[in-house]
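So that the names make sense, note that chain A is the first sequence line, chain B the second, and so on, each numbered from 1.
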Amino acid sequence: MDDKEIGTEEQQRYREQQQKQFYASFIDRNTPSHAGGEQASLPGPDQYDRPKMNAAQQVFLEQFQQYCSTLDAHIERMPQPDLSNCKVDYVQMLNREQLAAVTWNTGPLLVIAGAGTGKTWVICCRTAYLIEQGIPPEQILLLTFTRKAAREMIDRTAVLLQSSGSTADIHGGTFHGFANHMLRRYADLIGIDRNYTILDSIDSQDVISLIRDEMKITRKKGSPVPKSSVISTVISRARSCDITIKEVILKEYDYLEPYCEDIRMISTIFREYKQSHRQMDYDDLLEVFYHALKTHGQFRKKVNSIYRYIIIDEFQDTNLIQGKLVELLAGEEKQVMAVGDDAQSIYAFRGARHENILRFPAVFPECGIIKIQQNYRSSREILAYTNRIIESMVFGYRKILSSEIPGDQKPEVRRFFYQQDEASWICSRIEQIREKGTELSRIAVLFRSQYLSNYIQAEMLKRRIPFTVYGGLKFVERRHIKDMLAYLRIALNSLDAAAWNRILRLLPDIGTVRASLVIQTIMQNGGTFSSSSFSGYSFSSRLKELEVLLSTLRNDTMPLQDRILKLKQYYLPLMKTHCSDYLSRIPDLDVLAVLGGSGDSLEVFLSDLALDPPGSTFQEAEYGEEGQKEHVVLSTIHSAKGLEWDHVFIAAMLDGVFPDARSLLNIEELEEERRMFYVACTRAKRELVLTFPSYIQSYSRYFSLPSRFLSENRKDLFRFFIEEREQKIHYL
DNA sequence: AGGTATTTAGTTTTT
DNA sequence: CTAAATACCT
């Protein structure tokens with residue numbers, strides 16, 4: 001015990017030693033001799049190692065440029081708008097390019113809409129225009145990134161049309177949601193089982209965890225057996241990027257190399273498991289739907305005749321299979337309109353191909369292309385800065401956005417000492433902005449990754465500034481909600497072994513071994529569960545209770561909300577023993593019940609939760625002061641896509657943090673980071689502030705060089721400040 | 001043997 | 001903070 005104490009003490013001392021050395025090193029390098037105030041020095045762009053392009057990438061770049069010129073060639077063709085019979089005054093509300101997109105009436109159309117150019121508005125007007133032209137609303141399909149986005153567009157279209165047409169019948173949602181809807185509706189026609197359940201990423205992890213444990217994989221070369229979450233990520237990435245598991249591992253997870261074969265095996269078993277247990281994950285939904293459309297002519301004709309007009313938003317984020325789906329959905333009539341911006345493609349890690357945009361003319365040779373470059377969001381000063389980011393893109397389709405909005409300041413870049421200083425300054429600035437009468441909801445702080453928001457969160461709690469975190473743990477990903485949902489899933493599909501595993505292990509006297517014994521018995525009986533088979537065990541009475549609960553949950557005559565409340569009664573004592581903070585979790589259970597009160601069937605309820613989970617947790621209100629409804633938004637850049645704020649702060653602009661260290665070696669990944677930077681900066685309407693502390697330490701590495709993205713921009717486009725720390729540094 | 005408590009190591013981005 | 005490994009109970 002004494003040894004241990006000394007050991008940790010030594011570790012502590014060692015760590016402090018390291019820190020001192022580190023501070024000394026960076027103060028040498030980075031602290032200017034003159035203190036505080038406005039400076040004009042950032043490292044030059046040549047101080048960063050740029051990744052080299054390999055042969056394949058070189059070829060790709062040439063191809064890319066060819067695509068770009070094809071695109072430009074198509075742009076020549078501008079249609080003559082036909083505005084007869086229109087009650088809505090489109091000319092009044094739209095600029096020339098927007099009007100052309102809205103009134104396009106000769107087949108496929110690609111709209112390249114830069115950031116803040118009124119893309120959503122164009123889609124709304126387009127929809128309204130189609131309806132005014134006599135197209136029945138139910139023939140229009142609106143594919144967007146989230147269902148919320150679809151809902152918003154449909155609502156705005158309704159306002160536009162007022163009484164002249166009904167938008168209630170427009171179908172809209174994500175690719176996944178649409179695939180799910182079609183598969184269930186036409187399950188009989190295409191010959192699949194309608195009663196599948198959808199696995200979200202956590203569910204997949206649970207299943208993979210089960211499979212892995214059953215395989216009894218032994219440790220190799222001292223490295224621990226990979227976590228189920230990592231295995232799940234690898235498998236899913238291989239699929240959505242259409243590459244082999246080995247390639248994913250070599251590229252991104254080289255420390256998993258010894259387990260390559262095991263993971264491949266798990267992947268195979270996982271696939272079989274999903275089939276035999278009537279389950280589909282996100283990738284399956286798209287793949288099965290695509291396959292059905294491709295091979296089943298009757299089904300394809302049916303779908304094509306229902307949805308004759310397809311509008312796709314955020315086209316740059318579609319992956320390979322979604323791109324192909326668009327082709328099939330367009331059908332013979334090819335009344336398809338794709339809207340996107342290749343400069344804002346930030347989902348390559350999950351298979352998105354921004355080339356989909358550039359290949360559009362190859363898929364639809366007779367298509368029209370319209371480029372919208374008038375920006376209505378950001379001030380001129382901000383736009384000048386973001387235009388420069390586009391210029392520095394290697395794989396970038398050229399566009400120059402222009403804005404007529406006058407601004408009063410150039411973007412600012414500010415350096416701080418500690419992350420705490422950065423957080424503190426941002427909060428002070430936010431307080432100033434609020435005092436000038438700006439609502440907090442017009443302010444956002446953005447980060448490359450979630451963990452970077454910790455200091456700001458702490459500071460805001462301290463200063464009692466109300467805030468909302470976007471992209472945090474999802475409501476449905478919280479443990480107790482997962483547990484509740486597991487009961488409901490079993491009620492629907494009693495073959496769901498992962499859900500069984502989850503709930504059985506909540507019971508006392510049941511651990512890994514007995515849980516799998518029970519599950520095995522259930523599976524052998526084809527999913528029927530009878531507690532009597534386990535009368536010899538100490539836990540049989542518990543199983544009896546469970547049996548009663550499940551039959552209640554299956555009772556379709558009882559409203560879903562009431563069933564969930566029954567479940568809550570059952571689950572509450574279990575939660576008490578498993579969660580130390582169970583009191584604070586109780587409100588979540590009621591939230592779930594409320595969600596279940598929308599009148600949907602259990603099946604629809606579960607699908608909706610898996611495909612379109614409610615945003616972050618419902619704890620927002622807790623942070624706010626009494627009666628205060630306005631919140632500052634703290635968000636990852638990914639979650640901020642499509643949104644805008646008057647004042648935007650982007651924190652932690654350090655090379656290695658943003659751009660992420662892992663992407664520094666590969667030019668394509670670095671380009672993705674750059675597009676993220678572009679997305680982040682273009683969220684700002686009036687004020688853009690980029691900040692960084694002098695270092696950030698994460699695991700054993702530290703980063704202390706300003707982000708290269710800051711250095712790449714022209715110095716006359718922003719102002720640079722160094723904020724000195726008031727107190728002396730206590731380590732020196 | 002099997003369940004439960006404690007330590008310990010590892011962390012991007014998400015439909 | 002969370003999942004896996006280990007240690008320690010019944």
*asked:* With the stacking rule set at 5.5 Å and 30°, tell me whether A:Tyr282 counts as stacking on B:dT15.
replied: no

*Can you check whether A:Arg479 has a side-chain N or O nearer than 4.0 Å to OP1 or OP2 of C:dA3?*
yes

*May I ask you to decide if the ring planes of A:Tyr307 and A:Phe178 are parallel, tilted or perpendicular, using 30° and 60° as cut-offs?*
perpendicular

*Does a side-chain N or O from A:Ser201 land closer than 4.0 Å to OP1 or OP2 of B:dT15, or not?*
no

*Can we call the ring centroids of A:Tyr470 and A:His638 under 6.0 Å apart?*
no

*If you find the nucleotide of DNA chain B closest to A:Tyr253 and the one closest to A:Phe145, which residue's nucleotide is nearer the 5' end?*
A:Tyr253

*Is the closest side-chain heavy-atom distance between A:Thr636 and A:Ser453 below 4.5 Å?*
no

*Can A:Lys251 be said to sit on top of A:Tyr253's aromatic six-ring, NZ or CZ under 6.0 Å from centre and within 45° of the ring axis?*
no

*Ignoring the backbone of A:Lys227, work out which of B:dT13, B:dT12, C:dA3 is nearest its side chain.*
C:dA3

*Side-chain N or O of A:Tyr255 less than 4.0 angstrom from OP1 or OP2 on B:dT11?*
yes

_Categorize A:Phe175 for me: base, sugar-phosphate, or nothing, with a 4.0 angstrom heavy-atom threshold over every strand shown._
nothing

*asked:* So A:Glu673, base contact, sugar-phosphate only, or nothing? Heavy-atom distance under 4.0 Å.
replied: nothing

*Between A:Asp509 (CG) and C:dC9 (P), how many Å, whole number?*
18 Å

*Below 4.0 angstrom from OP1 or OP2 of C:dA4, is there any side-chain N or O of A:Arg212?*
yes

*Under-4.0 Å side-chain N/O to phosphate OP1/OP2 contact, A:Arg514 with B:dG3*: yes

*Picking from B:dT15, B:dT11, B:dT14, which would you name as closest to the side chain of A:Thr636?*
B:dT14

*Looking at the side chain of A:Phe349, which of B:dT12, B:dT4, B:dT13 is the nearest nucleotide?*
B:dT13

*Does C:dA3 have OP1 or OP2 sitting under 4.0 Å from an N or O in the side chain of A:Ser228?*
no

*Specify the separation, in whole Å, of atom NZ of A:Lys641 and atom P of B:dT12.*
21 Å

*asked:* Side chain of A:Val225, heavy atoms from C-beta onward: which of B:dT14, B:dT11, C:dA5 has the nearest atom to it?
replied: C:dA5

*Is there side-chain contact between A:Asn319 and A:Arg350, with heavy atoms separated by less than 4.5 Å?*
no

*When only distance counts, do a donor and an acceptor, one from the side chain of A:His638 and one from the base of B:dT14, lie under 3.5 Å apart?*
no

*asked:* Whether the side chain of A:Arg448 and the base of B:dT13 hold a donor-acceptor pair under 3.5 Å is what I'd like checked.
replied: yes

*asked:* Any base atoms under 4.0 Å from A:Leu611, or only sugar-phosphate, or nothing? Heavy atoms, all strands.
replied: nothing

